[in-house]
Amino acid sequence: MRSVLSFFLPFFFVSLSAMADSEDGMHAPISIIKTIVPNKEFLHLPITMSAPLTWVRVEVDGVWQQEFDCRLTVTGKPDFFANLQVGQWKGKKVELIIEKLSEDAEAPSLFVQSDTMAQENTVYKEAYRPQFHFSARTGWINDPNGLVHYDGVWHIFFQHNPYSWDWGNMTWGHATSTDLLHWTEHPAAIQPDKLGTIFSGSGVVDWNNSSGFQKGTDKPLVFFFTYDGPSARYGHRATQGLAYSTDGGKTFVKYEKNPIIPHIIGGNRDPKVIWHKESKQWILALYMDREDYALFGSTNLKEWKQLSEIKNLGCSECPDFFPLAVNGDANNVKWVFWGGNGKYLIGSFDGNNFKPETPPLTNKYGGNDYAAMTFSDTPDGRRIQLSWMNHGEGVFRGMPFNHQFTIPRVLTLRTTPQGQVRLYTEPVEELKKLRGKLEEVTNVKIEDNETVLIPHDGELFDAELRINVGSANRLVINTVDRTIEYNVAEKWIALDGIRAPLELNEGMLNLRLIVDRTSIEVFAQDGEVQIAKVFRPKGGVVYTGIAVESIGGSAGIENAKVWKMQSVTCKIPSTS
Ligand code: FRU
């Protein structure tokens with residue numbers, strides 16, 4: 001069967017040709033070609049997560065541009081509309097070759113061109129939208145990528161599936177902020193191409209134009225990513241690519257000589273680049289295979305040679321590599337090598353080899369926190385990290401978006417009360433700007449088996465608690481249906497059963513709790529240990545406070561402060 005359909009809409013020329021793969025039934029998968037001549041920035045595609053997976057190839061004037069899979073709506077109200085950027089092809093003949101589409105699918109008649117991204121009127125108002133954690137307008141996100149500060153602007157990029165609530169079609173989404181709190185999401189920065197989809201990586205400011213990419217007065221921003229091509233779709237293995245911006249992060253160009261590092265081994269990926277001033281070279285940390293990583297060196301960001309290896313980190317993927325002054329002492333700088341699940345080594349680096357001085361350590365435990373990365377070129381030298389609050393998948397079911405990032409947090413190396421140098425993690429100071437009304441409780445004794453309520457009204461809060469464990473065996477803290485427990489004898493803290501070893505100093509437990517609509521981050525002992533968790537709030541429950549129970553003896557709340565947090569309304573993105 002072959003049918004050809006053409007129709008005209010104002011601003012939207014569409015021609016549709018369909019080739020059915022089967023003669024029988026209403027739902028036979030067919031291939032169609034939908035032609036548009038864009039005169040706007042975006043084409044909104046209707047997505048229904050229960051619809052069959054279709055395969056879309058985009059050709060412009062007959063030339064291949066990109067391919068992706070998505071679940072185009074067959075019938076009924078779409079779950080959401082995804083944005084296909086078409087503004088770059090204005091006035092040209094753009095063909096969407098859609099394979100495996102249900103014959104009776106309504107999707108093609110629901111395609112709409114627009115200068116704004118989809119869902120403009122409802123976005124950020126969804127029931128489970130994080131209120132002060134970054135999440136994408138629509139689609140799946142995972143790892144933070146390319147984190148860099150330039151000219152007063154924080155740039156974050158993220159692993160994004162623009163066309164689905166599930167992982168896939170990896171593209172670098174992009175958002176910016178001037179305060180690390182309010183984010184504006186922009187159109188995608190780096191799109192897949194024939195070398196593969198765009199996996200994780202990093203970014204730097206090339207202050208001395210060592211790459212030679214500089215055009216005007218802006219320093220080049222240079223980004224490194226992995227081309228993933230292990231699928232039938234692209235038929236080759238993961239390589240490393242480069243893209244750059246010569247206008248301060250507004251537009252992005254892929255390097256014409258990509259890939260810059262060929263496939264070496266296994267699933268080699270996730271390049272993280274840093275400038276090493278002592279050896280006057282750029283250093284690239286790369287995940288290689290199993291639990292092994294490698295370091296590469298370059299003077300121009302384009303040509304890289306392998307310097308050394310780092311083996312048996314105890315985890316895989318997403319390296320980070322950076323120096324930190326121990327206890328702020330500029331004469332005692334150590335290097336930290338970090339992997340995907342937060343295992344890290346402390347050691348020294350001579351420009352060639354990283355020599356670990358510790359076994360793999362961690363200060364973050366389980367929970368929903370993975371693939372963290374630190375910003376490059378922070379203006380005040382802070383080592384600021386963002387992480388993906390992974391999993392907790394069910395939480396965002398029914399929402400047009402999936403997943404969120406942790407709050408930005410500062411990493412420092414400090415000596416613990418037990419005398420070991422360890423990584424500490426604390427929320428950035430900026431977060432305090434979102435603090436509103438304060439409730440405070442001071443010097444309250446909690447008798448054995450008694451519960452004291454630290455009152456607060458609202459679902460979003462930032463709390464600082466100083467509790468003297470006294471003669472208690474256990475402290476059980478309940479808030480927003482989450483349970484934090486401290487076990488005095490066994491020296492551990494747990495959030496909803498996720499345990500982390502923790503020793504107290506003179507019986508004082510210090511906690512910072514950051515609670516958003518769908519997440520809680522616990523920082524214990526000024527960031528010596530942290531646990532993050534994503535949860536789905538129970539509808540209709542009004543939260544009234546933090547309940548602290550003492551078991552096996554009496555304890556005391558020395559001081560507790562709870563601030564109501566303001567919701568951060570993400571801005572509607574610009575289309576320029
Ligand atoms: C970590 C990771 C990376 C990879 C990316 C793909 O979550 O698996 O190793 O680059 O996600 O989305």
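The analysis underlying the following values was restricted to heavy atoms, covering all of them including side chains, and did not include hydrogens, waters or symmetry mates. Read the numbers this way: they start at 1 and go in the same order the structure lists the ligands and their atoms. Positions are given from 1 along the sequence.
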Short question: side chain of [X], backbone of [Y] - any donor-acceptor pair under 3.5 Å?
X: S202; Y: G146; value: no
X: D377; Y: H149; value: no
X: D143; Y: C318; value: no
X: H44; Y: A118; value: yes

* Which protein residues have a heavy atom under 4.0 Å from ligand 1? ->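 Ligand 1 is contacted, at a heavy-atom distance under 4.0 Å, by N142, D143, Q159, W167, M170, F199, S200, R269, D270, E317, C318, Y370, W388.
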
In residues 353-361, what donor-acceptor pairs under 3.5 Å come from side-chain atoms, sequence neighbours left out?
from, atom 1, to, atom 2, distance (Å)
E357, OE1, K334, NZ, 3.0
T358, OG1, I346, N, 3.1

I'd like to know if the side chain of D320 pairs up with that of Y344 as donor and acceptor (distance under 3.5 Å, no hydrogens or angles considered).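 On atom types as modelled, these side chains do not qualify, holding no pair under 3.5 Å.
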
